[in-house]
Amino acid sequence: LDKKVYQALIEYSTSSAKGNRTELAAALAASGSEQDIPMLITMFKNEVPLETEVDNIDAAAAAAYAILMIHKRGSNRI
């Protein structure tokens, strides 16, 4: 990811919109690194809750997927 795009995406980690958080998780699943894991864990734990429990579960699932993909890749990109 481009550094500017990455910085803009990182702001989505505490967004009140589920779509923003899932987009962030998808981007990090594709090209995130180990340094992103703590933020994804925070998203997974819903430390900044969304409006509905369903949204929280969807965002947590997206974060979990991103964590798994980063670990699978073993990458230090970004």
Side-chain angles (χ1 to χ4, degrees):
L1 288 173
D2 175 74
K3 202 167 203 160
K4 287 183 183 181
V5 172
Y6 177 76
Q7 290 301 321
L9 281 172
I10 294 306
E11 294 179 18
Y12 286 169
S13 68
T14 57
S15 172
S16 61
K18 176 185 80 170
N20 289 345
R21 292 192 196 182
T22 56
E23 285 297 318
L24 169 60
L28 294 177
S31 62
S33 69
E34 294 287 328
Q35 74 184 21
D36 299 312
I37 299 288
M39 176 183 49
L40 289 163
I41 290 171
T42 298
M43 289 173 54
F44 176 76
K45 291 180 177 179
N46 292 310
E47 291 180 8
V48 180
L50 293 167
E51 191 170 313
T52 69
E53 190 59 28
V54 171
D55 288 351
N56 286 325
I57 292 167
D58 288 345
Y65 177 75
I67 291 166
L68 291 171
M69 293 306 294
I70 289 169
H71 278 297
K72 180 179 177 184
R73 191 172 47 253
S75 172
N76 287 319
R77 290 189 281 173
I78 295 186

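Throughout, residue positions are numbered sequentially from 1 according to the sequence presented. Here the structure is a predicted model, which means the values were calculated and not measured.
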Those residues that, when tested against [X], pass side chain to side chain contact (heavy atoms under 4.5 Å, CB included) (two or more places apart):
| X | answer |
| --- | --- |
| Q7 | none |
| E53 | N56, I57 |
| L68 | none |

Side-chain polar contacts of residues 9-17 - donor-acceptor pairs under 3.5 angstrom, sequence neighbours left out - could you list them?
from: S13; atom 1: OG; to: I10; atom 2: O; distance (Å): 3.1
from: S15; atom 1: OG; to: A17; atom 2: N; distance (Å): 3.0
from: S15; atom 1: OG; to: N20; atom 2: ND2; distance (Å): 2.9

Could you list who else is in L50's hydrophobic cluster, with ILVMFWY side chains joined at under 4.5 Å, directly or through other members? none
F44: hydrophobic cluster co-members (side-chain, 4.5 Å): none
Residue of the set T42, I67, L28 for which side chain to side chain contact (heavy atoms under 4.5 Å, CB included) holds with I37: I67
For the atom pair CZ (R73) and OG (S33), what is the distance rounded to the nearest 0.5 Å? 8.5 Å
Can you check whether T22 reaches Y65 side chain to side chain, under 4.5 Å on heavy atoms? no
Joint hydrophobic cluster, Y6 plus L40, side-chain heavy atoms closer than 4.5 Å: yes
Quick one: which residue pairs count as a salt bridge (Lys or Arg N to Asp or Glu O under 4.0 Å) with a foot in residues 56-67, not counting sequence neighbours? K18-D58
Show every salt bridge (Lys or Arg N to Asp or Glu O under 4.0 Å) that has at least one partner inside residues 42-51, sequence neighbours left out. none
Under 3.5 Å, is there a donor-acceptor pair between the side chain of N46 and the main chain of V48? no
Would you say R21's side chain and A60's backbone share a donor-acceptor pair under 3.5 angstrom? no
When every non-hydrogen atom of A25 is compared with those of A66, the smallest separation belongs to O-CB, 3.3 Å
Do you know the tightest heavy-atom contact between L24 and M39? CD2-SD, 4.2 Å
